[in-house]
Every structure is written in structure tokens, then in C-alpha cells.
There are 2 protein chains.
Amino acid sequence: MNQDQPGAVGVAPVTLDDVATHAGVSRQTVSNVLNAPHRVREGTRERVEAAIARLGYQPNRAARALRAQASRMIGYRIEPVHEESLASIHDRFLHALADAGREADHHLLLFTADDPAGELAACARLFRTGGVDGFVLYGIDHGDARPAALLKVGAPFAVFGRTDSDSGHCWADVDNVAGVADAVDHLIERGHRRVGFVGWPEGSGVGDRRAEGWRAALEEHGLLADCQRLDAQTHDTIAAGAAAGAKLLDLSDPPTAIVTVTDTLAVGVMRAAQGRGRVIGEDLAVVGFDDTPTARVLGLSSVRQPIEEVGRVIVEMLLARLPGVPHQPQTAAGPEGRLLRPSLVARGSSAAPYPSSST
Amino acid sequence: MNQDQPGAVGVAPVTLDDVATHAGVSRQTVSNVLNAPHRVREGTRERVEAAIARLGYQPNRAARALRAQASRMIGYRIEPVHEESLASIHDRFLHALADAGREADHHLLLFTADDPAGELAACARLFRTGGVDGFVLYGIDHGDARPAALLKVGAPFAVFGRTDSDSGHCWADVDNVAGVADAVDHLIERGHRRVGFVGWPEGSGVGDRRAEGWRAALEEHGLLADCQRLDAQTHDTIAAGAAAGAKLLDLSDPPTAIVTVTDTLAVGVMRAAQGRGRVIGEDLAVVGFDDTPTARVLGLSSVRQPIEEVGRVIVEMLLARLPGVPHQPQTAAGPEGRLLRPSLVARGSSAAPYPSSST
DNA sequence: TTGTATGCGTTATCAA
DNA sequence: TTGATAACGCATACAA
């Protein structure tokens, strides 16, 4: 009828031998039916398949892993939850990874570590003990020592993000420049001419690229000169965002719209504006980054990262590089890196058109 | 110097045999040093330990799993991210699980499923193939068919939440009654006499218990009669919360404070109140449930679940029931269930004392 | 096309 | 106290 395991209650596991006995063949033939069906005669194959279905046989993972020297596991470090951060990205990413792995019968192995050093130690250990076939690294940015270290360990891996020198490993990243540029375009389209930016301190690849997106978009519209002084840099908390927002709003010629490097900072900016009696979406437009649940609640426009796609792409790349599973012709095992485009989610905070008379 | 693996670059894995050769003993002796140190002479042991350290030997997980019939893996289904929900609980829970497992050298195996049926099929498969030793189930509530089904499969598991008939498996849950009761107590202490409640439709254990907490606390203070009509029930979206809040606020004798079954609904209530020109924390007190990041942003008081502790306790219980790892005397393998107390996080939304003259 | 033998790395049993 | 042997379940090379 169906191929579910027959309602057996805590039964003894079915092995290859059981199936072989049942089908009246050797266990090697059963193995062939599973791993090289073409090498077996049709009649025999059907008999074996029937036995497999009836007994609900499923190959033992440990045995398979031991024999094949491949665990079909992908290691992933789950980081502690930042209480300050609003991000739900991590959750989405994790789900995407697990989902992508499923299709290739690879599962995610989650582990924790207290710091990057601990993470590397854990990675090395997991890899050397055959616990995982490779890793996915999250939140890679300039100066991250993990890629080089993992390379040294000899473990395959793929990362979300980029270091200053991406070499020898594959990566996927969101096009942060384009993301912020889209936000700026959107605001200019609505009539804004003075668009500010609240970013992170210089030095992080992600932050610098988002700032670059702001600058580039303004330049393209010939507005850079007007907005030259309309940016601020600070660390990623609501309070800091409020301070930065206050600074910009208190200028003699303040921006009519502000883009921020994260939703967290956007919330701070909104707070500062409201504290000055300004109505978000009317007196001041704000666009954040990450499309967090909080942004939805507050009606904050935000740049949404295509995390699900990033996860899919990353797993794809990693699996392509794993020895023993040559899905592809493995000519060059696919591209080294992929840049994915985020999309703007426009909400009330940037809804109202702005009278173009603003200089 | 240190016991890290010597900076070997992608070297061949070290096996028990390598260590044995190196130490001039048989591999069985090496195994004994690791698994039954007392059965080996001190001198030999030291020699073997030195070899282990020098070679950076670490036992192969697959081989160990095959031999011991135990993968040292805990299965966990990661659910799709609810776009509507504000919860970060899931993230915290996951981290807690991974962290708790680490201490016992157990790791989390993540998998996805499209629905409960798919989840059960995946569980059965993972368990029968030796991929995991047991499972942790999240979000169990009345009418959940998974526990019974897993029991039938014969897989050990522990759940977060309770069904109507918890039997045969261990569970941990948050004391929802006490959580909401604490919130109500807090409001009464601040002078409120008319405390409303926005909950879920009847039938869910979690929702009903939270409603019960509201009822019980009011009764204890002799205020139940006054507040009898001050509750509403709806599903868990911001819009629904706003509607429910509007209904309560538009009563001829409206509540001065409202407790909600989730932060999501609380946000809705706040929105309804603000739409009516009421200032949260002054004209109306609101307390939510879950202590989401959004609650922090909005200054919303909220009941915080001790998720980290729940995770720890659940893993502890599960491991205690796993065959082969008898940490405890395994008399009765510990208690069947544990109820953990949440704590109220008071913020601005319930800050101001309310003049006790309100009827 | 099918079956036999062997080994993946570990640990349990038993004999020395 | 130590070592030889076998077995966990599967898959590969090779022989029939």
C-alpha cells in the first residue's frame, strides 16, 4: 500500500541482511539495488524492492558514514542571542539551511562555542572525528580569521559574507551596496533631496558597503554634494541610533529622509524624531535594513535580505565541493562566490511623497 | 604544551591503531585507557595518554556510533519562521538545547518538515536509521498527536509543553498560570482595579492557562466580579489584538490595565489605545507575554519565559532516559515533568501608579 | 548478473 | 593487566 514503515512498535532495526534473507538474495545484491540499480536484473530488483518496502528497511547512518567516510552532516555554530538586536535573520537562515540540506539528505549539526577560538576548536574536532563533512559559517566580515583557520584544518566550508580576501573557499553574500542604493532611490523618487545615513563605524565590510550604497546612489542623482554632511556613524543599539538621529535632525539644514544600516538604528532614529515632535512618514522618512519583525510592527520600511536564497545557495555550493557527492560534473565545482540582491519593503515610514521644494 | 591538535594541515585522521603503534601497545589497551582507565596500569596509561595527546587522537564518531548503537545526536525539527509572530523564543530555545547537549557530548541534529505528519515520518526515519538517539519536541499543546506517535515509534523524547494527558514521556513547561498571575498582581499593586485580558480562543492549553492566571489572580484579590466582562479572545495577530483592544476600551466602564496572552496581541492593544489618544503607561497599562525584542523596543512590560532553563532541563531529562548513558542511578530516571516559573519584566507600559479611585 | 571476502574504527568478550 | 578475536551495518573490489 504505502511505503511507510509498518506500524511496528519499537521493533528491532532492519538490516541489509534481513532484506537479503527475505528476498532470497545476498546482501550485496540488495546494496546494489540501492546504490547501482542498473547492475541488477529487473526481476531480482523488484523482488528486493518489495522486501525493502515490506520490511521498511532504511540504511543505517552510522554504518554508511563509517564505510563511506562521510557523515552527511553539515556543521553550524549557533551563536548566543543578542538581547539588543532585533534580528530574526538568524532564524530564517537556519531554516533555509536545514531545508536545503534535506533535499540532498544532508542534515545540520548544531553546536555552540563561547568565542571564535572555541568555535574553531569545535570545528576541528567535529571534522576530524567525522562528525560533519563540512561547515557553514555565518556573519563573515573583514578580518575574520575563521576561513583561513578552517582552510588549514582542511575542512570544506561555505560562508555567508565576505572577508577582505576571499580565496580558496566559496561564499554567498547580499549585495549591500545595491540594497541601500535601492532605499535611497526610493526616497529620491518620493521627492526627497536631502537623504541622510546612519551607519556603523568604518572598518566592517558590511557597514562600509551599505554606506557606499548611500553615497553611490546620491552621486548618481547628483545629490551627493547636498548630502555630504548628512551621515553619522555609531554602534548598533537603539540608544546610539537615537543619538545619531538627534545629531542629524538638529542640523541647521537637516535631512528629510534617513536611511540606516540596521533596523535597530532606525528605531533609534524614529525615537529621536518623535521626541522632536516629528511624524514619521510625513515630516521624516526612515528606511532601515533587515526587515525585522519590529520593522513590521512599527511600519518601518526596510531592506530585506534574501536569506532563504542565501541559505540555499550556500548549501548548494558546499555540497558541490564535498568529496564523494559529485552532483555536478565537478569541472570547477561551480563559482567561488555569489552576490544576491536584496529587496526594499516599503511601509508607512517612507510612504508620503515629499514636496520637492527642499533646499 | 597544549592538547590542541598540532597544526597539522588536512592530515589523515588518527585512529586507535595509530595510537597503539605509537605507544607500543595493542589498540584494545588504548580503548581501555579511554573507556575504563582503572583497568590499566599507571605506567602504560601515561604512555598511552602521551601518545594520544601527541597525535591529537580523537575517536571517530561514526565508528563509535555503529559500535555503541548510539549516535549521541538529538533530533529537533526547526519550524518555518512565522512572519506574523514576534517571538525570539525559538532562537533562545535552540541555543539552550545546543548548549545543554554540549556538556554531555551530544549534538543537535536539525531537520525540517512540511507538516506534523512529515515531522513524524522524518522522526521515525531518523530514529530507525540511527541518526539520532532521541528527540526534543517544541510547542506541544493539547491535542498534539506527536507524543503518542513517537511513543509508538519507540523513540525517547522530551517535550516543551504539555498535552491533555502527559503520560509515558517527560516534559518541561512554563507555569503560564503563575506568569499571568504575576502580571495581574503587579498591576493591582500599582493601583489598578479593572484589569482586562486579551487571550486566545479557548481550547489551547497554553492560552487557557494564561487566562486562568488572570482569573485566579483577580479572584484572590476579590476583584473578579468587577472584571468579569473585561476579557476578549482572538487569534494571534496585531490586527486582531487591536480589534480586541478597541472592544475593551470602548466599553462604558473600560479597564485601566490590560494583560495579553502574547506580545503580539499587546502591540495590537497598544495601537488601539494610541488610536484613541491614550498614552500607554499613563492612561492605560499593558503587559504582554514572551518578552520579545519588540517589547523591549516599545517599552512593553512582558512576562519572560525561562527558556534557557527549559532547554537545559529538557536535555537533562532526555539524556537521563537514553539507554547506555546512565548518569543517574536510573531508579526511575528522574521526574516525569517540571514546571518552571516565568518572571515579569516591568517596563514603561505599566510604570505609572494608577489612582485607586476607579469604579 | 550475482555472490564472497574484506575493511571502515570502535568496543565487548574472553583468554592469556 | 594486557591482547587476540569478533561484531556493529554497509559498500567496494573482485571472483564466480
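Just so we're on the same page: letters track the sequence lines, and every chain starts at 1. Note that this is a predicted model, so its numbers are computed, not measured.
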Mind checking salt bridge (charged side-chain N to carboxylate O under 4.0 Å, His left out) for B:Arg102 and listing every partner two or more places apart, or none if nothing turns up? A:Asp114, B:Asp99
Between atom CG in A:Asn60 and atom C1' in C:dT10, what is the gap in whole Å? 14 Å
Restricting to ring-ring contact (aromatic ring centres under 6.0 Å, His included), what partner residues turn up for B:His169, sequence neighbours left out? B:Phe157
Which residues pass the side-chain hydrogen bond (donor to acceptor under 3.5 Å, both in side chains) test with A:Tyr57, sequence neighbours left out? none
Residue list, side-chain hydrogen bond (donor to acceptor under 3.5 Å, both in side chains) with A:Asp173, at least two apart or on another chain: A:Arg162
Please list, chain by chain and in numerical order, all residues satisfying side-chain hydrogen bond (donor to acceptor under 3.5 Å, both in side chains) with A:Gln69, sequence neighbours excluded. none
Could you pull out all residues at least two apart from A:Glu46 that satisfy side chain to side chain contact (heavy atoms under 4.5 Å, CB included)? A:Glu42
Axis bend over the full length of the helix from C:dT1-D:dA16 to C:dA16-D:dT1, computed from five pairs that close each end, to 10 degrees: 40°
Which residues satisfy the salt bridge (charged side-chain N to carboxylate O under 4.0 Å, His left out) test with B:Arg92, sequence neighbours excluded? B:Glu308
Protein-to-nucleotide contact annotation, 5' to 3' order, nucleotides 11-16 of chain C [B base; S sugar-phosphate only; - none; under 4.0 Å, heavy atom]: BBB---
Among the nucleotides C:dT10, C:dG3, C:dC8, whichever has the atom closest to the side chain of A:Val25 is C:dG3
By salt bridge (charged side-chain N to carboxylate O under 4.0 Å, His left out), which residues pair with A:Asp133, not counting sequence neighbours? none
Whether B:Phe93 and B:Tyr138 hold their rings parallel, tilted or perpendicular, with breakpoints at 30° and 60°: tilted
Can you list everything that forms a salt bridge (charged side-chain N to carboxylate O under 4.0 Å, His left out) with B:Arg146? Sequence neighbours excluded, please. B:Glu119, B:Asp144
Chain B contact limits on DNA chain D, taken 5' to 3' with a cut-off of 4.0 angstrom to heavy atoms: D:dT1 to D:dG9
